[in-house]
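A short write-up of the structure that comes next.
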Number of protein chains: 2
Amino acid sequence: MTANSATDLLREHNLRPTRQRMALAALLFDGTARHVTAESLHDQVKDMGITLSLATIYNTLHQFTNVGLLKEIKGIGDAKWFDTNIDQHHHFFDISNDHLIDIPASSITISHLPASPDGKVIDGVDVIVRLSDKSPDKSSG
Amino acid sequence: MTANSATDLLREHNLRPTRQRMALAALLFDGTARHVTAESLHDQVKDMGITLSLATIYNTLHQFTNVGLLKEIKGIGDAKWFDTNIDQHHHFFDISNDHLIDIPASSITISHLPASPDGKVIDGVDVIVRLSDKSPDKSSG
DNA sequence: ACAATCTTTACAATCATTCTAAACTACTTG
DNA sequence: CAAGTAGTTTAGAATGATTGTAAAGATTGT
């Protein structure tokens, strides 16, 4: 993502194109799906030689989420994760290295979901498929 | 659950039947499925006129989980939840009041799950169906 | 009862996150 | 471009959930 398109992107969403938001937008919206936590993003910008306060990272992640540029992923580990893939989808979560892999919503079929209780509507369905390392002792050795 | 059966239950799992663990076992294993956090359990025992330190609640929840008496529920709200239903199952999570409702695993059919990446095996599948209040303005009035 | 071991507890420490108020930056208008 | 205003960033304090620590207390086997 170029500096210009980052500017446009931010403006389209009524966010001032500040140095900080430009840097984060450049990192996040390069076309590849990214899964980040505030801490991991903080480390990534640090590696680029840019220093942003953690509070700004949190603020920006929330702002990007509010305007629909990011999606928060519920239920992964201890920290909050954000996803640049804003389509409805699910996740593999590799517990051995805290790595996330997207699963398109269309790749999973969920049927026979019970009816919601009276007065309630389904707000969303999150599926997390936990992965662990295949034990080398089993199944083929 | 009677005091005697709580004692037996604890002994069967190599846990000394202390006053604290007896109280918590009595509360938790009365036959109905319960969803608790450390804080909510702490409040419940307080209501019974018993005072236990929060640290003990945490310790006990973890011990009960380690011996298979409880199951930790991943991905709900900000706190860790524990479930007396140790069968494989899923959850409705009512975001308006942080209330959980079990969904038996057999009530949901998940098909076409993609293959796990090389070297990885599926450790478990968690489905959380988020519920919110039906808006009174929509759909029938 | 005694010693050995396991538990509980108060309190400090930690981790992720949010709050606060002051310093700073971007945008608009002249 | 200068000034004013509104939006942003930041360091550091505060919060909330959880874990660690070390000392005091309870349970068990003999």
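Sequence lines set the chain letters: A, B, ... in the order given, protein chains first and strands last, and positions in each chain run from 1.
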*Select from B/Trp81 and B/Arg11 the residue whose nearest nucleotide in DNA chain D is closer to the 5' end of that strand.*
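Upstream on the strand: B/Trp81.
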
*Taking for each residue the nucleotide of DNA chain D bearing the nearest heavy atom, is the 5' side occupied by B/Leu54 or by A/Gln63?*
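Per heavy-atom nearest nucleotide, the more 5' residue is A/Gln63.
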
*How is A/Ala79 classified with respect to the nucleic acid when contacts are heavy atoms under 4.0 Å: base, sugar-phosphate, or nothing?*
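It contacts sugar-phosphate atoms only.
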
_Pairing donors with acceptors under 3.5 angstrom, does anything connect the side chains of B/Ser96 and A/Lys120?_
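Result is yes, a qualifying pair exists.
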
[X] side chain near [N] phosphate (N/O to OP1/OP2, under 4.0 Å):
{"X": "B/Tyr58", "N": "D/dT19", "value": "no"}
{"X": "A/Arg21", "N": "D/dT8", "value": "yes"}
{"X": "B/His62", "N": "D/dT18", "value": "no"}
{"X": "B/Lys80", "N": "D/dT19", "value": "yes"}
{"X": "B/Gln20", "N": "C/dT9", "value": "yes"}

Rounded distance (Å) that lies between atom [atom2] of [N] and atom [atom1] of [X]:
{"X": "A/Lys74", "N": "C/dA16", "atom1": "NZ", "atom2": "P", "answer": "18 Å"}
{"X": "B/Met22", "N": "C/dT8", "atom1": "CE", "atom2": "C1'", "answer": "16 Å"}
{"X": "A/Ile50", "N": "D/dT10", "atom1": "CD1", "atom2": "P", "answer": "11 Å"}
{"X": "A/Arg19", "N": "D/dG7", "atom1": "CZ", "atom2": "C1'", "answer": "16 Å"}
{"X": "A/Asp78", "N": "C/dT14", "atom1": "CG", "atom2": "C1'", "answer": "12 Å"}
{"X": "A/Asn14", "N": "C/dA26", "atom1": "CG", "atom2": "P", "answer": "18 Å"}
{"X": "A/Glu39", "N": "C/dT17", "atom1": "CD", "atom2": "P", "answer": "7 Å"}
{"X": "A/Leu52", "N": "C/dC24", "atom1": "CG", "atom2": "P", "answer": "17 Å"}

_Can you tell me whether the side chain of B/Arg16 and the base of D/dT27 have a donor-acceptor pair closer than 3.5 Å?_
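Indeed there is one.
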
*Starting from the 5' end of DNA chain C, give me the residue, A/Thr18 or B/Thr51, whose nearest nucleotide shows up first.*
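Residue closer to the 5' terminus by nearest nucleotide: B/Thr51.
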
*With a 4.5 Å limit on heavy-atom distance, are the side chains of B/Arg21 and B/Gln63 in contact?*
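Yes; the side chains approach each other to less than 4.5 Å.
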
*Ion pair check, A/Arg34 and A/Asp83, cut-off under 4.0 Å*: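 Salt bridge absent between A/Arg34 and A/Asp83.
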
*Counting side-chain heavy atoms from CB outward, which of C/dT9, D/dT9, C/dC19 is closest to A/Thr56?*
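Selected nucleotide (nearest to the side chain): D/dT9.
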
*With ring pair (Phe, Tyr, Trp, His ring centres under 6.0 Å) as the test, would you mind laying out the steps for A/His35 and A/His99 before giving the verdict?*
CA-CA 8 Å; A/His35 302 105; A/His99 208 84; 7.7 Å; no

*Quick check, are the ring centers of B/Phe29 and B/Phe64 under 6.0 angstrom apart?*
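They qualify: ring centres under 6.0 Å apart.
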
